[in-house]
Colleague: 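Dumping the structure here so I can ask a few things about it.
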Amino acid sequence: QLQLVESGGGLVQAGGSLRLSCTASGSIFSINAMSWYRQAPGKERELVATITSAGSTNYADSVKGRFAISRDNAKNAVYLQMNSLKPEDTAVYYCNVRGVMTINRADFGAWGQGIQVTVSS
């Protein structure tokens with residue numbers, strides 16, 4: 001069994017900050033890439049940021065300089081610090097984790113349940 005639990009969303013005014021957290025639990029042997037995606041109403045899900053096991057990061061152009069992704073390997077956790085939020089950042093945010101299960105060393109890819117972030121103007 002593998003579970004991802006997200007927290008930290010909510011309502012914030014434009015220019016404000018939020019920090020999202022996502023923790024993975026279960027029979028995890030190792031975690032490779034950890035990512036945050038978002039999906040706004042009527043739009044497709046888009047990649048926001050990714051961090052590899054080596055700590056390399058990649059961001060969508062729309063959030064560069066405002067968002068920062070980080071991870072805590074000891075806790076199997078990934079974070080997204082969101083600063084200077086804009087109304088267009090309003091979306092449901094999902095964490096995605098890819099790695100290897102303990103059982104049979106099988107690859108896995110898992111999604112969090114999604115968490116709402118709303119930025120008011």
Colleague: Which donor-acceptor pairs under 3.5 Å do the side chains of residues 2-11 make with protein atoms, sequence neighbours left out?
Modeller:
from : atom 1 : to     : atom 2 : distance (Å)
Glu6 : OE1    : Gly114 : N      : 3.3
Glu6 : OE1    : Ile115 : N      : 3.3
Glu6 : OE2    : Cys95  : N      : 2.8

Colleague: Do Thr90 and Val117 have side-chain heavy atoms sitting under 4.5 Å apart?
Modeller: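 Thr90 does not reach Val117 side chain to side chain.
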Colleague: Using atom types as modelled, flag every donor-acceptor pair under 3.5 Å from a side chain in residues 34-41 to any protein atom, sequence neighbours excluded.
Modeller:
from  : atom 1 : to    : atom 2 : distance (Å)
Ser35 : OG     : Thr50 : OG1    : 2.9
Arg38 : NE     : Glu46 : OE2    : 2.7
Arg38 : NH1    : Asp89 : OD1    : 2.9
Arg38 : NH1    : Tyr93 : OH     : 2.9
Arg38 : NH2    : Glu46 : OE2    : 3.3
Arg38 : NH2    : Ser62 : OG     : 3.3
Gln39 : NE2    : Lys43 : O      : 3.1

Colleague: For Asn32, does its backbone N or O pair with a side-chain atom of Arg98 as donor and acceptor, under 3.5 Å?
Modeller: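 Pair absent, no side-chain N/O of Arg98 close to backbone of Asn32.
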Colleague: By side-chain hydrogen bond (donor to acceptor under 3.5 Å, both in side chains), which residues pair with Asn104, not counting sequence neighbours?
Modeller: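 If we apply the side-chain hydrogen bond (donor to acceptor under 3.5 Å, both in side chains) test to Asn104, skipping adjacent residues, there are no hits.
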Colleague: Which residue pairs satisfy the side chain to side chain donor-acceptor pair (under 3.5 Å) criterion with at least one member in residues 15-29, sequence neighbours excluded?
Modeller: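 Residue pairs passing side chain to side chain donor-acceptor pair (under 3.5 Å), neighbours aside: Ser17-Asn83.
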Colleague: May I ask you to check whether over 12 heavy atoms, not counting those of Arg45, lie within 6.0 Å of atom CZ?
Modeller: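 Check passes, neighbour count above 12.
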Colleague: Could you grab the distance from atom CG of Asp107 to atom CZ of Phe29, nearest 0.5 Å is fine?
Modeller: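 Output value for this atom pair is 11.5 Å.
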Colleague: Is there any side chain to side chain donor-acceptor pair (under 3.5 Å) pair reaching into residues 109-121, and which pairs are they, with sequence neighbours excluded?
Modeller: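 For residues 109-121: Gln116-Thr118.
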Colleague: Side chains of Val97 and Phe108: does their closest heavy-atom pair fall under 4.5 Å?
Modeller: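 In contact.
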Colleague: What pair of heavy atoms forms the shortest contact from Met82 to Leu20, and how long is it?
Modeller: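 For Met82 versus Leu20, the nearest heavy atoms are CE-CG, 3.7 Å.
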Colleague: Between Tyr79 and Arg71, is there a side-chain heavy-atom distance shorter than 4.5 Å?
Modeller: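 Side-chain contact under 4.5 Å: no.
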Colleague: Start with the C-alpha gap between Asn73 and Ile31, add the side-chain angles, then the distance that decides, and say whether side-chain contact (heavy atoms from CB on, under 4.5 Å) holds.
Modeller: CA-CA 8 Å; Asn73 292 327; Ile31 292 179; over 6 Å; no
Colleague: Are Val92 and Leu85 grouped together when hydrophobic residues (ILVMFWY) are joined by side-chain heavy atoms under 4.5 angstrom apart?
Modeller: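 In one cluster with Val92: Leu85, no.
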Colleague: For residues Gly112 and Tyr94, report the shortest heavy-atom separation together with the two atoms involved.
Modeller: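 For Gly112 and Tyr94, the tightest heavy-atom pair comes out as O-CD2, 3.7 Å.
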Colleague: If I take atom CD1 from residue Ile51 and atom OG from residue Ser56, how far apart are they, to the nearest 0.5 angstrom?
Modeller: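 It is 8.0 Å, given to the nearest 0.5 Å.
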Colleague: Grab the two heavy atoms, one from Val63 and one from Val48, that are nearest each other, plus how far apart they are.
Modeller: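 Nearest heavy atoms, Val63 then Val48: CG2-O, 3.7 Å.
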Colleague: Excluding sequence neighbours, so at least two apart, what forms salt bridge (Lys or Arg N to Asp or Glu O under 4.0 Å) with Glu88?
Modeller: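 With neighbours one apart ignored, the set is empty.
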Colleague: How far does CD1 of Ile69 sit from CG of Asn58, to the nearest 0.5 angstrom?
Modeller: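 So the CD1 of Ile69 and the CG of Asn58 are separated by 9.5 Å.
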Colleague: If you compare all heavy atoms of Val12 against all heavy atoms of Gly16, which two are closest, and at what distance to 0.1 Å?
Modeller: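 Minimum heavy-atom contact is CG2-CA, 3.8 Å.
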